[in-house]
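One structure is given below, encoded as structure tokens.
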Amino acid sequence: MEKEIVAKLQRDLKGAVCDAAVERLRRLSRNFHYVQVESGLIRAALNGLASDLRAAKRKLEDAVADAEAEKFTVKPDGSVHWVSEQELAPLNPEQSATADSPRVVLNADPQRVKAQGHADRIGAAITDANEADSHYSQTLDRLKAHNNLNVTDSDWADAQNDMNALRKSAGNYLQRNDIPKGKSPTENAQWWKGLSADERADYTALFPASIGALDGVPSDVRDEANRAVFTETRAAYQTRLDAMPPEPWPQWVSVGGPYASMVKSDEWMAWNNKYHAEEVRAALKGMDAIQNRLDSTAKDDLPETYLLGFSPEGTGRAIIANGNPDTANHTAVYVPGTTSNLSGIGGDIKRMTDLWKQSHALADGQEISTVTWLGYDAPQKLGRDSPQSHFADEGAPAFNSFIDGLKTSHEPGAGGHLTAIGHSYGTTLIGSAARQGDLHANDIVFAGSPGVQVGKATDLDVPQGHVWNEDADGDPVPEIGRWGHGGSQWKYKGGIGIIPSDDLFGANQMSTDTEGHSNYWTPESRSLKNQAAVVVGQYDKVVTVA
């Protein structure tokens with residue numbers, strides 16, 4: 001509904017009536033999303049029940065077959081009889097014969113032990129079936145919605161609890177450990193393709209976070225899984241925030257006499273440490289930015305959004321694509337730099353929507369996808385963290401895997417030109433990715449790079465001549481960063497601390513008309529237009545430094 005009806009309304013109509021209709025349709029869409037998630041759990045529960053019942057049925061059939069093979073007769077009520085039709089009684093003479101306790105004669109007959117064995121096996125199979133029925137009936141009883149028109153945060157939080165309860169009831173039907181972990185995108189894709197349609201749907205319903213993070217799985221599948229995780233997580237965080245007691249006042253107090261400074265009050269610090277209020281608020285700020293992008297499809301002619309990764313843990317993870325990278329002719333994947341986190345993801349999303357618009361204008365009808373990849377723990381402190389290389393080195397394998405996953409899930413016949421774009425410390429990560437493994441990109445664009453760990457462009461895993469660099473006037477980061485992340489080149493005029501802005505590095509130096517470290521994506525700027533020309537492979541339109 002969001003991608004079809006709401007998007008068309010926003011594109012074709014304007015005004016208060018349209019806005020009101022869009023809001024009501026969005027509410028209906030949220031309700032349908034909730035129904036979809038809960039229905040997925042119901043389907044998974046029923047499939048799990050059927051799987052357990054099939055296992056019990058096979059167990060029962062094997063027990064009956066073995067009994068009959070030894071000339072015993074098993075009656076419809078589960079009781080075991082001699083071939084001579086002499087009825088067998090329970091071992092306990094006072095026990096009544098039921099389907100759960102097949103009967104065995106108590107006499108000196110040497111067949112008694114065998115008969116008891118068959119009876120026990122039949123009883124065990126019936127017990128398995130009854131236990132499966134009991135487990136799943138309790139879980140299904142949970143899957144009920146309130147009878148109203150609005151799906152609330154508490155409903156979504158309860159949906160998360162429903163999923164956790166169903167996992168416990170699922171038995172051996174589907175297990176998280178069956179989902180590939182630490183495998184290549186190609187292996188992930190092979191596992192996914194080997195599942196039945198029901199298994200794919202049930203894995204997505206039961207383990208959406210695991211499926212949503214699986215490189216190589218189709219982007220529309222990852223989007224569906226991650227939207228469920230995102231919506232449930234956002235509701236849970238909002239519920240936590242709403243449940244907090246009032247914030248202590250004053251928040252700030254003055255200390256230090258004549259040279260006073262403002263610090264957080266002890267009462268506020270105790271409150272925050274107990275409820276993690278700042279952490280919850282920061283995460284919600286980022287989630288609101290993601291939701292705003294999910295809601296803005298067709299606004300300003302933007303394409304569909306695909307949520308390819310999400311987690312609030314640590315500094316946060318978010319991977320948001322404008323347009324489907326699986327069908328795009330040209331895809332750009334952008335890595336942000338120092339201080340990037342979930343709270344500030346809104347600015348990074350905007351950079352890629354602006355790049356999409358500029359690239360789309362040049363694309364001559366070809367499909368474009370621009371991706372914000374916050375898939376690593378970026379440095380959070382300029383002086384303390386940004387000179388460290390381990391953030392890039394630890395995050396680079398995940399970037400390589402994501403790029404390989406896009407190549408794996410890309411549909412044949414749809415082009416597949418891919419550009420890796422880094423800003424600031426994000427360029428260092430891309431350099432580390434190229435150094436640690438095969439970076440399967442066609443072009444690399446650096447903006448405001450402090451260094452990429454290698455000394456020349458030909459050390460990067462792209463075709464020769466396809467490394468591009470932007471260094472705007474007034475950007476201090478390249479010169480400051482070269483001594484921490486620059487590469488080395490022991491040749492004539494070589495040395496250490498070589499960065500992409502140096503002629504010796506060998507990158508194509510693109511002209512910029514922006515100033516400072518953070519304005520390379522200013523709409524309609526030469527800096528942004530040059531990036532767009534590289535993204536769509538129209539290299540003749542790139543303006544380079546004379």
Side-chain angles (χ1 to χ4, degrees), residues 293 296-306 319-337 347-373 403 406 410 414-424 426-427 430 441-449 457 460 462-463 465-473 475 500-501 507-546:
R293 176 61 190 96
S296 63
T297 293
K299 281 185 179 179
D300 300 324
D301 295 321
L302 291 176
E304 296 176 0
T305 313
Y306 290 79
I319 306 173
I320 303 101
N322 302 297
N324 188 350
D326 290 352
T327 59
N329 302 98
H330 303 280
T331 298
V333 183
Y334 159 76
V335 184
D348 296 311
I349 292 174
K350 185 179 185 303
R351 287 177 176 177
M352 285 304 97
T353 57
D354 289 337
L355 179 61
W356 184 91
K357 293 175 187 177
Q358 198 71 66
S359 302
H360 178 70
L362 295 175
D364 297 326
Q366 291 187 310
E367 192 173 339
I368 304 295
S369 178
T370 57
V371 183
T372 299
W373 188 83
I403 296 297
L406 293 185
H410 195 270
H417 175 244
L418 192 146
T419 303
I421 302 176
H423 176 234
S424 191
T427 69
I430 291 175
N442 302 99
D443 287 277
I444 292 177
V445 173
F446 297 133
S449 175
L460 299 169
V462 292
H466 287 261
V467 177
W468 311 81
N469 185 67
E470 291 186 334
D471 185 353
D473 289 343
D475 186 347
S501 298
N508 299 300
Q509 300 297 329
M510 296 194 291
S511 175
T512 59
D513 57 354
T514 54
E515 293 185 359
H517 186 58
S518 302
N519 298 315
Y520 293 97
W521 291 270
T522 300
E524 298 302 320
S525 67
R526 171 55 55 196
S527 301
L528 183 60
K529 289 179 179 179
N530 273 336
Q531 291 186 45
V534 174
V535 169
V536 299
Q538 296 180 19
Y539 308 115
D540 59 321
K541 293 184 178 179
V542 177
V543 179
T544 56
V545 176

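If you take OG1 on T370 and CD1 on I320, they are separated by 10.5 Å, rounding to the nearest 0.5 Å. Put simply, CD1 on I444 and CG on L460 are 4.5 Å apart, with the number rounded to the nearest 0.5 Å. Separation of atoms CD (E524) and CG (D513) is listed at 10.5 Å; rounding is to 0.5 Å. Rounded to the nearest 0.5 Å, atoms OG1 (T544) and CD (Q509) are 9.5 Å apart. To the nearest 0.5 Å, the span separating CZ on R293 from CE on M352 amounts to 12.5 Å. L418 contributes atom CG, which lies 4.5 Å from atom CD1 of I403 (distance to the nearest 0.5 angstrom).
For T427, the side-chain hydrogen bond (donor to acceptor under 3.5 Å, both in side chains) partners at least two apart in sequence or on another chain are S449. For S501, the side-chain hydrogen bond (donor to acceptor under 3.5 Å, both in side chains) partners two or more places apart in sequence, or in a different chain, are N469, D471.
Taking the side chain as every heavy atom from C-beta outward, K350 and D354 approach each other to under 4.5 Å. At a threshold of 4.5 Å between non-hydrogen side-chain atoms, the residues L355 and L528 count as touching. When side chains are defined from C-beta on, V462 does not count as touching D443, because their heavy atoms never get closer than 4.5 Å. Using a 4.5 Å heavy-atom cutoff, the side chains of V536 and K541 are not in contact. Two residues are said to be in side-chain contact when any heavy atoms from C-beta on lie closer than 4.5 Å; N322 and K357 fail this criterion. In this structure, the side chains of M510 and V534 come closer than 4.5 Å at one or more pairs of heavy atoms. Between L362 and K529, the closest side-chain pair of non-hydrogen atoms is not below 4.5 Å. Using a 4.5 Å heavy-atom cutoff, the side chains of I421 and Q531 are in contact.
For S527 (side chain) and Y520 (main-chain N/O), no donor-acceptor pair under 3.5 Å exists by modelled atom type. A donor-acceptor pair under 3.5 Å links the side-chain atoms of N329 to the main chain of E367, judged by distance alone. In terms of modelled atom types and a separation under 3.5 Å, the side chain of D473 and the main chain of E515 share no donor-acceptor contact.
The two residues A507 and A457 come nearest to each other via the heavy atoms N-CB, 4.2 Å. Nearest heavy-atom pair across G516 and A472 is O-CB, 3.7 Å. The two residues G323 and P303 have their closest heavy-atom pair at N-CG, 3.5 Å. Between N530 and V543, the shortest heavy-atom distance links the atoms OD1-N, 2.8 Å. Between H410 and T327, the closest heavy-atom pair is NE2-C, 4.2 Å. Here the shortest heavy-atom pairing between G422 and I430 reads N-CD1, 3.5 Å.
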Working for side-chain contact (heavy atoms from CB on, under 4.5 Å), residues D475 and H517: CA-CA 5 Å; D475 186 347; H517 186 58; 2.8 Å; yes
Trace of the side-chain contact (heavy atoms from CB on, under 4.5 Å) decision for S518 with R351: CA-CA 10 Å; S518 302; R351 287 177 176 177; 3.6 Å; yes
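T514 and T522 share no donor-acceptor pair across their side chains, judged by distance under 3.5 Å alone. Between E470 and T512, the side chains place no donor N or O within less than 3.5 Å of an acceptor N or O (distance only, hydrogens not considered). A donor-acceptor contact closer than 3.5 angstrom is absent between the side chains of D326 and Y306. Side-chain atoms of N508 and Y539 form no donor-acceptor pair, as typed in the model, at a separation below 3.5 Å.
Screening F446, W521, Y334 against H423 for a ring pair (Phe, Tyr, Trp, His ring centres under 6.0 Å) leaves a single residue, W521.
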